[in-house]
Amino acid sequence: MPDSDQIDTSKQIHKRTGRTFYVATKLLPERVREATYVLYAFFRVADEVVDRTDDPDPAAQRRRLESMRAAALGEPAEAADLPDDERAVLAAFRSLAAEKGIADDEVAVFVDAMIQDIETARYETYADLEAYMRGSSVAVANMMMAAMEVPDAERERARPHAAALAEAFQLTNFLRDVREDVHDYGRVYLPRETLDRYGVAESDLAVANVTDEFVAAMRHELQRTERRYREGVAGIRLLPEDCQFGVLLAAVFYAEHHRLIRARDYDVLSETPELGRLRRGYLLVRTWVHWRRHRDPEATFYAVSAISRGGEGDGVETDGATGYAA
């Protein structure tokens with residue numbers, strides 16, 4: 001297991017850069033919580049290599065990611081030129097990977113996705129985006145299941161659900177962050193086939209022109225994402241019992257951005273919707289109350305979250321049993 005200093009470095013990176021997921025992580029058992037800090041920090045330091053706004057050098061970015069890959073796969077000499085905190089994170093990750101049996105293939109496909117962010121700024125089809133998410137999100141889910149020590153039999157059953165939930169989280173981020181991705185990184189994660197289907201001009205994204213066509217495209221992508229949530233939360237019951245609530249809460253938090261997006265009439269171009277601390281606290285309490293009552297991840301998710309059990313409408317969303325309209 002990583003040493004205490006490495007865990008603390010990882011925890012601080014997680015706390016600084018992933019506020020919503022950090023709250024959910026604190027609800028995981030200690031044996032998984034510390035591993036999650038390490039995993040998240042590894043994901044984050046790699047992501048920060050490509051998410052730069054200071055006119056970075058693509059070749060230098062690739063070299064740095066390849067150094068990270070080598071160090072994460074057990075070649076520590078390759079990390080010599082990296083900053084101290086990154087070396088600490090990578091050493092912690094390697095220790096954790098050896099202990100938990102994280103497959104080298106998952107590390108490789110994750111780093112490949114980070115490199116793809118340097119090279120690819122548009123996705124023609126949803127299938128193309130799915131291929132990217134195999135590394136950027138599904139690999140993350142697979143590593144998390146290793147950290148949770150999901151038994152082999154349950155892991156095979158849980159794998160497609162974990163993949164769906166991981167994709168749902170990332171798709172929510174893409175939909176929430178359209179403005180930031182366009183302006184700061186020059187990327188568009190909305191598939192071009194969706195933009196073309198609804199007649200959305202990419203120039204409208206850059207100037208924050210929220211047209212009826214853009215609203216229709218966003219509605220389509222939210223509905224697609226919500227289908228992934230439904231498949232994903234159906235597998236939470238296959239995780240170790242002491243991990244289920246933390247994963248459930250993360251799903252509730254991420255899904256809440258859909259309520260925020262709809263409340264803004266799908267305008268994610270003039271401002272990025274943010275889930276505030278008070279709302280997170282409210283959702284935490286409501287989720288815990290329902291969880292204690294039912295011990296059923298799906299029932300709790302549909303009682304509390306912004307996503308309905310089976311409908312695809314996008315009318316006024318209510319907060320389950322409370323009837324609270326956000």
Side-chain angles (χ1 to χ4, degrees), residues 19-21 121-123 125-126 129 133 165 167-230 232-233 250-284 286-287 301-326:
R19 290 173 296 173
T20 296
F21 189 48
R122 303 291 186 276
Y123 292 86
T125 68
Y126 181 73
L129 191 62
M133 290 192 294
L165 192 57
E167 289 177 357
F169 288 177
Q170 184 152 47
L171 289 168
T172 291
N173 283 346
F174 290 157
L175 295 170
R176 179 196 65 193
D177 295 340
V178 174
R179 178 181 183 275
E180 178 182 335
D181 288 332
V182 170
H183 283 277
D184 294 352
Y185 310 118
R187 300 184 196 132
V188 176
Y189 289 106
L190 295 173
R192 198 183 299 273
E193 66 182 1
T194 298
L195 299 180
D196 290 346
R197 174 180 177 179
Y198 291 98
V200 179
E202 192 174 304
S203 58
D204 286 333
L205 308 184
V207 297
N209 185 21
V210 183
T211 63
D212 290 343
E213 291 79 11
F214 176 75
V215 168
M218 284 290 294
R219 183 182 294 119
H220 172 83
E221 290 300 324
L222 255 72
Q223 290 176 355
R224 189 206 307 266
T225 301
E226 290 175 3
R227 291 194 291 271
R228 302 307 283 154
Y229 275 100
R230 294 183 188 105
V233 298
V252 169
F253 281 170
Y254 274 89
E256 185 66 12
H257 289 92
H258 292 211
R259 191 193 313 275
L260 300 178
I261 290 169
R262 286 182 170 124
R264 295 176 55 83
D265 294 328
Y266 302 91
D267 178 7
V268 292
L269 298 180
S270 60
E271 187 178 353
T272 299
E274 296 284 350
L275 184 59
R277 180 180 299 177
L278 288 177
R279 187 63 181 171
R280 285 199 301 268
Y282 173 81
L283 290 169
L284 169 59
R286 294 300 307 164
T287 305
F301 180 78
Y302 294 122
V304 177
S305 82
I307 295 175
S308 64
R309 182 178 288 273
E312 298 218 341
D314 62 337
V316 175
E317 297 286 345
T318 61
D319 196 311
T322 67
Y324 175 86

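All residue numbers in this chain count up from 1 along the given sequence.
Side chain of His183 to backbone of Ala206: a donor-acceptor contact under 3.5 angstrom is found. No donor-acceptor pair under 3.5 Å is formed between the side chain of Arg280 and the backbone N or O of Phe253. Counting only distance, with no hydrogens or angles, the side chain of Arg309 and the backbone of Arg230 share no donor-acceptor pair below 3.5 Å.
For Val210 against Asp265, the heavy-atom pair with the smallest separation is CG1-O, 4.5 Å. Minimum heavy-atom separation, Ala251 to Leu165: CB-CD1, 4.2 Å. Of all heavy-atom pairs between Ser308 and Tyr302, the closest is O-CE2, 3.3 Å. For the residue pair Leu205 and Val200, the shortest heavy atom distance occurs at CD2-CG1, 4.3 Å. Nearest heavy-atom pair across Thr225 and Ala168 is CG2-O, 3.6 Å.
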Applying salt bridge (charged side-chain N to carboxylate O under 4.0 Å, His left out), run through Glu256 and Arg286 and close with a yes or a no. CA-CA 13 Å; Glu256 185 66 12; Arg286 294 300 307 164; over 6 Å; no
Run Leu190 and Leu175 through side-chain contact (heavy atoms from CB on, under 4.5 Å) and show every step you take. CA-CA 8 Å; Leu190 295 173; Leu175 295 170; 3.6 Å; yes
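A donor-acceptor pair shorter than 3.5 Å cannot be found between the side chains of Ser305 and Tyr229.
Taken to the nearest 0.5 Å, the CG atom of Asp184 stands 7.5 Å off from the CZ atom of Arg179. Atom CE of residue Met133 and atom CZ of residue Phe169 lie 13.0 Å apart, to the nearest 0.5 angstrom. With rounding to the nearest 0.5 Å, the separation of CD in Glu193 from CG in Asp196 is 8.5 Å. Note that NE2 of His257 is 11.5 Å distant from CG of Leu222, once rounded to the nearest 0.5 Å. One distance of note links CG of Leu283 with CG of Leu278; it measures 11.0 Å at 0.5 Å rounding. Of the inter-residue distances, the one linking Arg228 atom CZ with Thr172 atom OG1 reads 12.0 Å to the nearest 0.5 angstrom.
Residues Val188 and Leu195 are in side-chain contact: their nearest non-hydrogen atoms beyond the backbone lie under 4.5 Å apart. No side-chain heavy atom of Val304 sits less than 4.5 Å from a side-chain heavy atom of Tyr282. The side-chain heavy atoms of Arg176 and Thr272, taken from C-beta on, include a pair separated by under 4.5 Å. The shortest distance between side-chain heavy atoms of Tyr126 and Thr194 does not fall below 4.5 Å.
Sorted by first and then second residue, the pairs that involve residues 202-218 and meet salt bridge (charged side-chain N to carboxylate O under 4.0 Å, His left out), not counting sequence neighbours, are Arg122-Glu202, Arg192-Glu202.
Partners of Tyr198 according to the ring-ring contact (aromatic ring centres under 6.0 Å, His included) rule, which considers only residues two or more places apart in sequence or in another chain, are His220. Annotation: side chain to side chain contact (heavy atoms under 4.5 Å, CB included) contacts of Ser270 (sequence neighbours excluded): Arg264, Asp267.
Ring geometry for Tyr189 versus Phe174: interplanar angle under 30°, hence parallel rather than tilted (30 to 60°).
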